[in-house]
Amino acid sequence: MRRSFRRIVLGRRWVTFLVMGLAFFGFGLGTLNLFMLLKANAELLAVHGWQAVRDGGLQQLVELVVTGYASMACYLIFKSCEYSLVRHFADPSPSGR
């Protein structure tokens with residue numbers, strides 16, 4: 001998977017830039033208000049206990065954690081693309097890599 005990511009995405013600058021933009025927006029959408037929702041969910045579970053679990057509070061907590069990890073993956077993709085583009089533009093050699 002790592003080799004195909006390098007070949008397909010990082011091998012072409014325009015694809016790298018496009019994927020970097022998509023990862024940026026994915027990270028932004030995933031983290032938008034995430035901490036407030038996690039705090040509210042934890043407070044709901046703490047106050048209402050078992051009733052909140054039966055009403056879906058635990059499922060919501062799992063979904064929020066998965067969203068956090070997906071946002072972290074988007075951030076890592078963004079940083080990988082950023083590093084590749086910066087390295088390409090900063091490298092004075094004609095090979096670029």
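All heavy atoms count here, side chains included; hydrogens, waters and symmetry mates do not. Along the sequence shown, the residues carry numbers beginning at 1. What you are looking at is a predicted structure, and each value in this text was computed from that prediction instead of being measured.
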**Prompt:** Ala23 and Cys74: which non-hydrogen atoms are nearest, and at how many Å?
**Reply:** CB-O, 3.4 Å
**Request:** Find out if a path of hydrophobic residues (ILVMFWY) with successive side-chain heavy-atom gaps under 4.5 Å connects Phe89 to Phe17.
**Result:** yes
**Request:** Measure across Leu38 and Leu61 and return the closest heavy-atom pair with its distance rounded to 0.1 Å.
**Result:** CD2-CD1, 3.9 Å
**Asked** Out of curiosity, Gln60 CD to Leu45 CG, how far, rounded to the nearest 0.5 Å?
**Response** 8.5 Å
**Fill in**
For Leu64 and Leu34 the tightest heavy-atom approach is O-CD1, 3.7 Å
**Item:** CG on Leu37 to CD on Glu63, rounded to 0.5 Å
**Value:** 11.0 Å
**Asked** When rounded to the nearest 0.5 angstrom, what distance separates CH2 in Trp14 from CG in Leu85?
**Response** 13.0 Å
**Prompt:** When rounded to the nearest 0.5 angstrom, what distance separates OG1 in Thr31 from CE in Met72?
**Reply:** 12.5 Å
**Request:** Measure across Ile8 and Val15 and return the closest heavy-atom pair with its distance rounded to 0.1 Å.
**Result:** O-CG1, 3.9 Å
**Request:** Quick one: do Arg6 and Arg2 satisfy side-chain contact (heavy atoms from CB on, under 4.5 Å)? Show the steps, please.
**Result:** CA-CA 6 Å; Arg6 283 185 180 185; Arg2 183 175 160 184; 2.9 Å; yes
**Asked** Got a sec: does the CZ of Phe5 have more than 12 other heavy atoms crowding it under 6.0 Å?
**Response** yes
**Fill in**
Between Thr67 and Gly30 the two heavy atoms that sit nearest each other are CG2-O, 3.5 Å
**Message:** Within the 3.5 Å criterion, strictly below it, is a donor on Ser84 or Arg13 matched to an acceptor on the partner's side chain?
**Reply:** yes
**Item:** Linked, directly or transitively: Leu44 and Trp50 (ILVMFWY side chains, under 4.5 Å)
**Value:** no
**Message:** Take a 6.0 Å sphere around CZ of Arg54 and say whether it holds more than 12 heavy atoms from other residues, nucleotides or ligands.
**Reply:** yes
**Asked** For the atom pair CD1 (Ile77) and CE (Met20), what is the distance rounded to the nearest 0.5 Å?
**Response** 13.0 Å
**Fill in**
Nearest heavy-atom contact between Cys81 and Val19 is SG-CG1, 3.9 Å
**Item:** Rounded distance [0.5 Å steps], CG in Leu76 versus OG in Ser71
**Value:** 11.0 Å
